[in-house]
Amino acid sequence: MPASRRPDGVLALGGVSLAEIARDPRFGTPSYVYDLDAITAEARDLQTGFGSAPHLVAYAVKANSAGPIVQALAAERCGADVVSGAELTLALRCGVKPESIVFSGVAKTDAELDLAIGSGGGGIGAIQIESAEEIPRIAARARAVGRAARVSLRINPAVDVGALDTHSYIATGHDEAKFGVPLASVGRALDALTHAPELALVGVGSHVRSQLTATEGYLASARAVFTFAREVRSRFALEFVDGGGGFGIDYGEGCAVRPADFIRATLVIKKEMGLEDLSFYCEPGRSLVGAHGVLVARVIQRKVAEPRRWTMIDAGMNDLMRPALYQARHRIVAVALDAAAGTGSYRVVGPVCESSDDFGIHELPDIEGGEVAILDAGAYGYSMASRYNGRALPAEVFVRGGKVALYTARRPADDWITDRLRPEPAT
Ligand SMILES: Cc1ncc(COP(=O)(O)O)c(C=O)c1O
């Protein structure tokens with residue numbers, strides 16, 4: 001369950017008081033708090049959408065790469081969608097089976113390809129081809145490693161972004177995006193694959209965008225990929241079709257469609273198109289973790305120049321970049337309610353020296369101090385955090401069974417100073 005208010009007015013996540021977490025000297029603020037039980041339940045709910053159909057839920061590690069989360073999802077039979085050698089290594093070390101890993105990304109290095117091809121007994125599940133130009137490079141690395149590489153072709157179905165109604169930075173399946181093989185290059189890619197005996201084309205897929213709150217865009221893309229799968233399966237021994245990620249969550253504006261609903265609707269089309277024997281892969285990130293994490297911050301001070309009022313908190317855009325990067329809006333609420341205090345509209349800002357360090361206007365109690373929780377911060381939060389302005393990285397607290405089970409202490413500013421003073425003489 002996402003963060004909810006207890007009868008005493010204190011906000012809790014997974015049954016743990018966020019006020020206690022904020023005041024615990026081991027964590028303090030800003031701290032990310034995650035509910036591992038709810039994340040596990042989210043994965044189980046999605047798996048039910050598949051019924052008995054062959055499938056793989058490949059968790060998009062980029063959404064939240066915290067070890068306890070990747071481990072919890074691996075224990076729920078999730079695979080991983082990774083976008084770097086480091087994410088691949090992390091997934092393997094968290095117990096994800098090599099054959100359940102897909103590797104996306106438009107510019108994989110030779111070292112990353114070697115790692116993917118060399119992992120496990122037969123390489124990872126699939127390296128996702130994102131351009132025709134990548135094919136000879138992967139073939140060369142397969143020869144160098146001395147093992148055939150399993151690949152899938154990620155097509156860019158040129159879905160109209162306007163129709164999909166999203167911020168352009170999280171739309172990927174339109175013809176201006178760098179992702180996926182453009183439809184005009186698909187023929188060239190298939191020819192190259194036909195002449196590359198080192199590569200086994202085992203899948204086809206696409207990922208059109210993130211934060212889908214209706215099924216239309218996803219289904220349009222899935223239909224395009226299913227059509228493509230039907231065209232090529234006589235030439236290649238396909239094992240799966242990959243619909244990508246992108247299932248939306250409710251950031252406060254509503255999202256009635258559950259990830260399992262997307263899957264059920266997609267499987268109907270897959271069956272109609274005679275592809276029941278192929279496995280269906282999806283790559284959810286946000287929908288598994290987003291609602292089950294919050295960022296707890298302390299109010300440092302207020303500033304008033306009527307009619308403008310600001311609340312300055314100790315979390316900034318370096319801790320949670322989504323508002324600055326995508327103009328994303330997160331709900332912000334007081335951790336503890338004070339019945340005697342009135343409320344007012346405040347622009348919530350962080351300490352970072354940028355105008356975009358701004359979380360928008362929120363209704364908050366008219367009291368000095370206290371803590372606030374930035375809701376739905378479990379995805380693309382800590383994984384995008386930086387040390388800009390010499391800031392400490394936030395703590396991460398993992399809740400399970402109604403109590404704090406694990407935590408990662410804040411990386412203090414001292415670490416940053418040491419790191420920045422690290423260069424050594426070259427001679
Ligand atoms: C290829 C791919 N798969 C999966 C995802 C995960 O998307 P989401 O977190 O919206 O589910 C992304 C997100 O950018 C992606 O690029």
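For ligands, and for the atoms within them, numbers begin at 1 and follow the listed sequence. Bear in mind that the values here come from a model prediction, so they are computed numbers and not experimental data.
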request  = May I ask you to test the Met317-Met384 pair for a side-chain heavy-atom distance under 4.5 Å?
outcome  = no
request  = Give the numbers and elements of all ligand 1 atoms closer than 4.0 Å to a heavy atom of Arg154.
outcome  = 1 (C)
Per-residue contact class, His207 against ligand 1 - non-hydrogen pairs under 4.0 Å = side chain
query = Are side-chain heavy atoms of Val186 and Phe228 found at a separation under 4.5 Å?
reply = yes
For Phe50, ring-ring contact (aromatic ring centres under 6.0 Å, His included) partners two or more places apart = His55
query = Does ligand 1 have an atom under 4.0 Å from some heavy atom of Pro284?
reply = yes
query = Roughly how far, to the nearest 0.5 Å, is the OG atom of Ser206 from the CG atom of Leu153?
reply = 11.0 Å
remark   = The atoms of ligand 1 lying under 4.0 Å from a heavy atom of Gly245, numbered in the order shown, are 4 (C), 11 (O)
ask   = Short N/O distance, under 3.5 Å, between Gly244 and ligand 1?
value = no
task = State if Gln128 counts as touching ligand 1 under the rule of any non-hydrogen atom under 4.0 Å.
result = no
task = Would you mind finding which of Ser206, Gly180, Ser210 brings a heavy atom closest to atom 10 (O) of ligand 1?
result = Ser210
ask   = Is the CZ atom of Arg400 crowded by more than 12 outside heavy atoms at less than 6.0 Å?
value = no
inquiry  = Per the salt bridge (Lys or Arg N to Asp or Glu O under 4.0 Å) rule, what does the pair list look like for residues 86-106, sequence neighbours excluded?
reply    = none
message = Regarding ligand 1, does Tyr380 bring an N or O atom to under 3.5 Å of one of the ligand's N or O atoms?
response = yes
task = Calculate, to the nearest 0.5 Å, the distance between atoms CG and CG belonging to Asp261 and Leu46 respectively.
result = 10.5 Å
message = Determine whether a donor-acceptor pair (N or O, by modelled atom type, separation under 3.5 Å) exists between the side chain of Ser221 and the backbone of Gly217.
response = no
message = Using a 4.0 Å cut-off to any heavy atom of Ala60, which atoms of ligand 1 qualify?
response = 4 (C), 5 (C), 6 (C)
ask   = Taking N or O atoms only and a 3.5 Å limit, does Ser287 qualify as a polar contact for ligand 1?
value = no
Any Arg209 heavy atom less than 4.0 Å to ligand 1 = no
query = Any N or O of Arg286 that comes nearer than 3.5 Å to an N or O of ligand 1?
reply = yes
task = For Glu283, counting its heavy atoms only, list the atoms of ligand 1 lying under 4.0 Å from any of them.
result = 1 (C), 2 (C), 3 (N), 4 (C), 5 (C), 6 (C), 11 (O)
inquiry  = As an exercise, identify every atom of ligand 1 less than 4.0 angstrom from a heavy atom of Asp81.
reply    = 2 (C), 3 (N), 4 (C)
inquiry  = Taking Glu253 first and then Arg329, would you say they form a salt bridge - that is, a charged N and a carboxylate O separated by under 4.0 Å?
reply    = no
